[in-house]
Amino acid sequence: MMFRIESRDPSTSARAGILYTAHGDIPTPVFMPVGTAGTVKGILHRDLKNEINAHIILGNTYHLYLRPGTDIIKEAGGLHRFMSWDMPVLTDSGGYQVFSLAENRKLTEEGAIFRSHIDGSKHTFTAENVIDIQRIIGADIIMAFDECAPHPCDHAYAIKSMELTHRWLDRCVKHFGVTSPLYGYDQMLFPIVQGSVYGDLRRASAEKIASMEMPGNAIGGLSVGEPAEVMYEMIEAVNEILPVDRPRYLMGVGTPANILEGIARGIDMFDCVMPTRNGRNGMLFTSEGTVNIRNRKWKDDFSPIDATGFSEVSRTYSKAYLHHLIISGEMLGAQIASIHNLAFYLSLVTEARERIKEGNFGKWKDETVRKLSERA
RNA sequence: GGGGAGAUACCAAAGCGGCCAACUGGGGCAGACUGUAAAUCUGUUGUCGAAUGACUUCGUAGGUUCGAAUCCUGCUCUCCCCA
C-alpha cells in the first residue's frame, strides 16, 4: 500500500492521508515546491526542510536531460545524490514543455522533437526514453509523457491530443514494466488525465487513466488559461472516476484559493511555480491576501512580512526592508520572498490537513478562500 | 589672457524649420506571472480631462518666419584645450 487515507472531511471530498515513498512519507494534502533544474530557485535545502517544511520537490525531465545531462546524473548516482537532497522527488516528464515550448517542438506519433532552447540542437522525447531518463534521474514518482494541450483548444483537437496522450501512456506503462530502477529503490509511475475543458473527454480520459491501475493519478492540462470555475468542474468530473484510494495530483496548480478548492474536490498533491516565481517578482502570498511588495505603500512599513508566518524570515524581516531589496534587485530579496511564499503554501496545506482531521475543513475553506482573494 | 564645445522632461541622451508634448535607456508609478526558456515581461510617466481635446514646455531675453527645441542676436551658466 503506497497511500493510506487517514480521515475524510464530512462536508467535502477532502481527505488527509500519507503517501509512502522510498525517500520518506508524505502527509497529504501536500504542496510540492518546483525545482525544475535540480534546484528550487534560490533556496537552500536547509531552508526547504527547516523553514518551509517541504516534504517533496519536483524536477524536470526535459531540463535535466539538456543540462547537466543524463551522463552526469548517472555518474552522480541519481538526482538525489547529485543535488544532495535525501527526501522525495517527483519529476515531470516534459509534457509541460510540449505546451510551454510549443514554438520549439514538433509533435509526431513517436513523440516530441524539441529544438533545444539552449543551443538549438534537436532532441526527440518518446514515451520510452522519457521513462529511461526518469529512471536515470531516479525520482520517487515519475510522470507519463503527455501532451499538455493549450487553451483555448477546440473539441476536435482535444480528442486528438487526448488519444495521443493515451497511446503514449500505454507505451510508458509497458516500458516502465520492462525496465528497472537503477539505484536500489522503487519508483512510482503516475499517468495523466487530459481532455482540455470538455467534460466528456475528461471523463473518458479518467476512465483510461483509472484502468491503468497505477499507484497514483494525475490531472494535467489545467490552469493553462481557462477560468477557475471551468477547472473546478473538470476536477469534479475526473475525481468521480479516478480511484478514491489512490493519491490524486493536480499538476501545476495554483493559487492558494485554487489549492483549497482542489483539496475540497479530492485532490491530494499540488505543485506550482507561483510561490517562487511570483515571489522573485515581488508578489507575496499572505493570510490577508496578496501583496505587491514593490508598491510604494510598503516603503516605510516596518512591520514583519507576516507576523504569524511559519518561516523565520516572514517574522524577522520587515515589509520595508523586503520592499527595498526587491526594488534594488538584490538576490536576498528574491530569496526571502521565495521562502516566505513557500512556507505560506506549505503551512496552508498543513492547516487544511488539520482541519480535515478535525472534520471542519469545509467551513474553514470557504472563509479562507474569501480572505485569500483579497489584496492587501 | 587666447581658442573651442555645449545648455532638451527626475537623470542620461536623440532630435537640428512643420510628421515634436518631443526617439531611446535609466529611474519613478502600476500590472501580469499557475506540471519555470522568467531575479522575467507589459503598460504608464508635462498639466487638466473618462475621452475627442485644451493648455504650458527644450538655459534666458529678444528677433526672423505662415510656423522655431531646431535659424539669428544679446545675456547667464557649464565643460575642454592652449598660455
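Residue numbers start from 1 in every chain, and the chains themselves are labelled A, B, ... in the order their sequence lines are given, proteins ahead of strands.
Residues passing the side chain to side chain donor-acceptor pair (under 3.5 Å) test with Arg81(A): none are found, sequence neighbours excluded. Not counting sequence neighbours, Lys41(A) has no partner by the side chain to side chain donor-acceptor pair (under 3.5 Å) test. Qualifying ring-ring contact (aromatic ring centres under 6.0 Å, His included) partners for His324(A), counting only residues two or more places apart in sequence or in other chains: none. Applying the ring-ring contact (aromatic ring centres under 6.0 Å, His included) rule to His80(A) yields the partners His23(A), Tyr185(A); only residues at least two apart in sequence or on another chain are considered.
Hydrophobic cluster membership of Ile241(A), counting Ile, Leu, Val, Met, Phe, Trp and Tyr whose side-chain heavy atoms lie under 4.5 Å apart directly or via other members: none, as it forms a cluster of its own.
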Q. How would nucleotides 26-32 of chain B be written as a contact map, 5' to 3', with B for base contact, S for sugar-phosphate-only contact and - for no contact, using protein heavy atoms under 4.0 Å?
A. --SSSBB
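Across residues 45-72 of chain A, Leu58(A), Asn60(A), His63(A) each have a non-hydrogen atom less than 4.0 Å from an atom of RNA chain B (numbered order). Contacts with RNA chain B (heavy atom under 4.0 Å) in residues 136-149 of chain A: Asp146(A), Cys148(A), listed by number. Applying a 4.0 Å cut-off to non-hydrogen atoms, the residues of residues 16-38 of chain A that approach RNA chain B are Val34(A), Thr36(A), listed by residue number. Residues from residues 107-128 of chain A lying near RNA chain B, meaning a heavy-atom separation below 4.0 Å, are His117(A) in numerical order.
For residues 150-175 of chain A, the set of pairs meeting the salt bridge (charged side-chain N to carboxylate O under 4.0 Å, His left out) definition, not counting sequence neighbours, comprises Glu109(A)-Arg167(A), Glu110(A)-Arg171(A), Glu128(A)-Arg171(A), Asp170(A)-Lys208(A).
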Return a table of donor-acceptor pairs under 3.5 angstrom between the side chains of residues 67-75 of chain A and protein atoms on other chains or two or more places apart.
none

